[in-house]
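Data first, discussion second: the structure below is written as structure tokens.
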2 protein chains.
Amino acid sequence: MENTLLEKAQKGELSYEIKSAFENEEIPAMEILLKNIVEGKTVIPANKKRKRNKYYAIGKDCTVKINANIGVTGSYSSFDKELKKAELCEKYNVESVMDLSCGTFAKRFREKLINEFSFIVGSVPIYDLSVKFKDFTKAKPKDFLEVLEEHVETGVDFVTIHAGINRELVEKLKDKNRLLNIVSRGGSMIYKWMETNNFENPYFEYFEDVLKILKKYDATISIGDAFRPGCIQDAGEELQVRETYIVSKLAEKAREYGVQVIIEGPGHVRANEIYWTVKMIKKICKDAPLYVLGPLTTDIAAGYDHISGSMGALIASLAGADFLCYVTPAEHLRLPDLEDVKEGIIAFKIAAHSANIARGFRKSIEKDIEMSLARRELNWEKIINLSIDPEKTKRYRGELHNTCTMCGELCAIKNSS
Amino acid sequence: MENTLLEKAQKGELSYEIKSAFENEEIPAMEILLKNIVEGKTVIPANKKRKRNKYYAIGKDCTVKINANIGVTGSYSSFDKELKKAELCEKYNVESVMDLSCGTFAKRFREKLINEFSFIVGSVPIYDLSVKFKDFTKAKPKDFLEVLEEHVETGVDFVTIHAGINRELVEKLKDKNRLLNIVSRGGSMIYKWMETNNFENPYFEYFEDVLKILKKYDATISIGDAFRPGCIQDAGEELQVRETYIVSKLAEKAREYGVQVIIEGPGHVRANEIYWTVKMIKKICKDAPLYVLGPLTTDIAAGYDHISGSMGALIASLAGADFLCYVTPAEHLRLPDLEDVKEGIIAFKIAAHSANIARGFRKSIEKDIEMSLARRELNWEKIINLSIDPEKTKRYRGELHNTCTMCGELCAIKNSS
């Protein structure tokens with residue numbers, strides 16, 4: 001079997017993917033990127049069945065990246081709508097898209113993403129169990145492996161596998177006073193399956209088989225956190241932390257198999273607890289790339305969770321998070337529409353960009369300097385083009401006057417220039 | 001002359017305003033609030049000419065408050081529109097509104113805010129110079145004092161006075177490589193006036209007269225930072241810091257006069273520099289209440305500055321900022337419309353609420369717990385009512401199904417309950 005990207009890196013081989021990813025970063029030497037990959041601190045999700053123009057590195061010394069979730073559900077009617085979302089992701093340079101499709105057309109949609117777009121593609125194979133079985137608790141352990149293989153053989157670059165939730169943790173759940181037990185969709189499916197069948201989590205029990213499948217296609221594993229807090233009150237709770245230790249061991253085993261690993265993190269966390277939470281996960285998981293969902297800094301911002309989530313994401317990035325899963329205004333309420341997806345993308349692009357400035361990345365800082373110079377010159381055309389959403393800026397500006405209506409004749413730039 | 005709120009506090013007198021403000025807080029004893037006021041660490045902006053139902057304390061041990069800027073410009077047509085914004089502020093429990101009105105109808109609008117609403121009202125008197133004079137650089141120092149008196153005698157609770165920019169700093173500006181010289185509107189007017197007249201800043205030169213006027217009506221001074229950074233590149237620059245030292249001295253003098261003081265802060269600051277910036281200003285200004293504008297964590301988010309600004313505001317609050325001036329999506333582009341104002345309010349309410357949770361305030365935390373319980377029960381009516389903008393939540397939900405369309409049959413709450 002051909003070596004995986006990680007195995008090649010271990011042998012000091014600079015594969016095409018590493019060279020390509022290096023181009024997008026500001027790492028002084030390719031050897032540093034190579035070393036980070038070997039140490040499991042950086043990943044380049046790249047399924048070997050898929051050829052892309054661009055590869056992205058996620059982790060140590062890299063810019064912060066974002067992911068957007070999209071995907072078709074049961075009916076065909078949503079196919080074109082979801083495709084438009086994918087086009088939006090490409091337009092705004094979203095580095096990664098997770099396909100959360102369910103139902104008959106899921107595979108076709110996934111294949112379209114893989115074949116026609118240049119972003120990283122991730123997926124959550126376990127959702128397919130609910131399609132294959134009227135009652136997914138009837139699935140057998142081999143079915144868990146089967147849906148996984150079906151996904152990676154179509155070419156997805158990384159898959160979320162909730163391998164860390166095991167019987168020991170599940171037993172404890174009853175004694176815990178978590179407000180919301182399990183809010184991870186995949187995690188809750190595994191939990192229900194385990195409870196119904198009184199059996200160990202197949203992804204935990206047969207983790208080596210999981211790794212063999214991933215290795216075959218060189219897919220990256222993103223180890224899901226089934227016990228991620230679903231409300232700020234549950235953050236930092238014992239089961240979440242214990243799962244992190246299990247995940248860390250699984251991550252080590254994966255790397256031994258030559259499989260790259262991403263660690264998934266919270267969720268909902270009070271703003272003042274994000275820093276240590278991120279540091280703790282990073283410590284337990286030996287600096288593996290950390291992929292956070294938000295985190296939301298409050299539970300009451302329904303309809304505006306992209307704002308609460310991007311606030312938390314920025315704070316998490318300052319503490320070391322590498323990869324930000326967006327949250328849209330529709331979170332907790334409904335499937336996001338195209339406008340929601342755009343709002344989510346932009347909020348998280350702002351968080352990632354702000355974090356990249358904070359991390360000292362030259363290209364990010366230069367963008368802001370350029371914008372400031374355009375403002376000094378009151379060069380509205382430049383201001384529009386440099387802003388994160390030129391169309392909105394242009395629309396807000398209306399006709400191009402020399403000043404904006406905000407200060408009008410009292411323009412501070414004019415007064416002080 | 002009757003004692004000011006600060007003077008009464010110094011004598012240990014628990015005035016009505018202190019008792020009222022205490023009700024809104026979670027401070028264990030009124031004496032603590034009293035002590036904080038005496039030490040200048042907390043203020044209760046309350047012009048003696050104005051009677052309100054509710055008073056708010058801003059500063060040490062208090063919840064974080066927000067301010068929204070509104071105001072009419074030249075034409076009468078905007079009067080009703082701006083009034084609708086004020087109603088929106090009341091609806092969303094915005095604690096403070098600054099009236100940035102200019103022009104013929106400014107006074108009438110200000111009076112309406114003062115007489116018909118219960119929030120704190122602030123203003124920036126210097127803007128009136130541009131109304132009184134075709135060319136405001138023709139104004140005399142006494143005019144600076146006159147517009148100030150006109151404002152406080154209508155009843156505004158606090159006024160922004162850019163008293164810290166003096167000749168010494170202005171001389172230095174030419175040697176500095178700030179990308180954007182002065183972006184504070186009031187500050188830039190003073191700068192232009194000083195440059196044209198080759199005279200000291202009247203608010204600096206005649207600071208004792210300023211204080212006498214404020215004392216007469218017991219108005220709070222909010223000392224504006226003319227050198228606040230207008231782009232992240234200018235943050236932490238020498239003139240900004242030097243102005244802070246001048247402001248600190250003026251603040252001390254104001255308190256000696258029995259006038260309460262708020263300190264204004266940035267602006268635009270890289271996310272990783274917000275923490276020390278806030279700590280530094282707090283240190284220099286002896287823990288006086290800090291009022292920040294954002295700060296924005298990047299310059300390129302035009303059209304979405306409410307998101308970038310509320311991110312910065314949350315980080316600033318974690319470091320000790322007490323009072324958050326909202327930024328709307330229209331910032332840098334145009335006068336905000338009603339929808340922009342709403343977006344700005346909600347983003348900053350999320351920041352303040354997230355900060356209040358982080359500071360451990362029980363009432364804030366309980367709101368989130370209640371929401372989490374409603375989610376556990378999938379009680380959509382409760383979820384709608386508890387969310388920050390019930391109308392949007394309701395609209396997004398559409399008809400009340402038992403699950404949201406986001407996860408549909410794969411609802412994690414159902415799987416794990």
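Every chain is numbered from 1, with letters handed out A, B, ... down the list of sequences. As the structure is a computational prediction, the values presented were derived from the model and not from experiment.
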Please examine the side chains of [Y] and [X], heavy atoms only from C-beta on, and report whether any two atoms are closer than 4.5 Å.
X        : Y        : answer
A:Ile383 : B:His332 : no
B:Ile307 : A:His306 : yes
A:Thr298 : B:Met371 : no
A:Pro329 : B:Lys392 : yes
A:Glu370 : B:Asp299 : no
A:Leu314 : B:Ile315 : yes

Greater than 12 external heavy atoms within 6.0 Å of [X]'s [atom1]:
X        : atom1 : answer
A:Lys174 : NZ    : yes
B:Asp135 : CG    : yes
A:Tyr92  : OH    : yes

Residue selection (most heavy-atom pairs with chain A, distance under 4.5 Å) from [options]:
options                                : value
B:Ile300, B:Asn272, B:Asn181           : B:Ile300
B:Gln233, B:Arg359, B:His268, B:Lys349 : B:Gln233
B:His353, B:Lys367, B:Arg395           : B:His353
B:Ile369, B:Leu100, B:Leu386           : B:Ile369
B:Leu318, B:Leu296, B:Ile413           : B:Leu318

How long is the gap from CD on B:Glu195 to CG on A:Asn415, to the nearest 0.5 Å?
-> 11.5 Å
Distance col, row B:Met189:CE vs A:Cys411:SG, nearest 0.5 angstrom, shows 12.5 Å
Chain B contact via [X] - which portion, at a heavy-atom distance below 4.5 Å:
X        : answer
A:Ser364 : neither
A:Ile182 : both
A:Ala355 : neither
A:Ile357 : both
A:Ile232 : side chain
A:Leu173 : neither

Given the options [options], which has more heavy-atom pairs under 4.5 Å with chain B than any of the others?
options                                : value
A:Ala302, A:Cys102, A:Ala374           : A:Ala302
A:Ser387, A:Ser130, A:Ser372           : A:Ser372
A:Tyr396, A:Trp193, A:Tyr127, A:Phe136 : A:Tyr396
A:Ala271, A:Cys231, A:Pro390, A:Ala313 : A:Ala271
A:Asp340, A:Asp337, A:Leu373, A:Asp368 : A:Asp368

Which heavy atom of B:Ala301 sits nearest a heavy atom of A:Ile388, and at what distance?
-> CA-CG2, 4.0 Å
Indicate yes or no for a side-chain donor-acceptor contact from B:Arg334 to the backbone of A:Gly398 under 3.5 Å, with no hydrogens or angles considered.
-> no
Give the C-alpha distance, both sets of side-chain angles, the deciding distance and a yes or no for side-chain contact (heavy atoms from CB on, under 4.5 Å) between B:Ile365 and A:Arg270.
-> CA-CA 10 Å; B:Ile365 293 168; A:Arg270 296 181 193 194; 3.8 Å; yes
Can you list the residues that meet the salt bridge (charged side-chain N to carboxylate O under 4.0 Å, His left out) rule with B:Arg376, with sequence neighbours excluded?
-> none
Please report the C-alpha distance between B:Thr393 and A:Tyr304 in whole Å, then the side-chain angles of each, then the deciding distance to 0.1 Å, and finally whether the side-chain contact (heavy atoms from CB on, under 4.5 Å) criterion is met.
-> CA-CA 9 Å; B:Thr393 309; A:Tyr304 301 85; over 6 Å; no
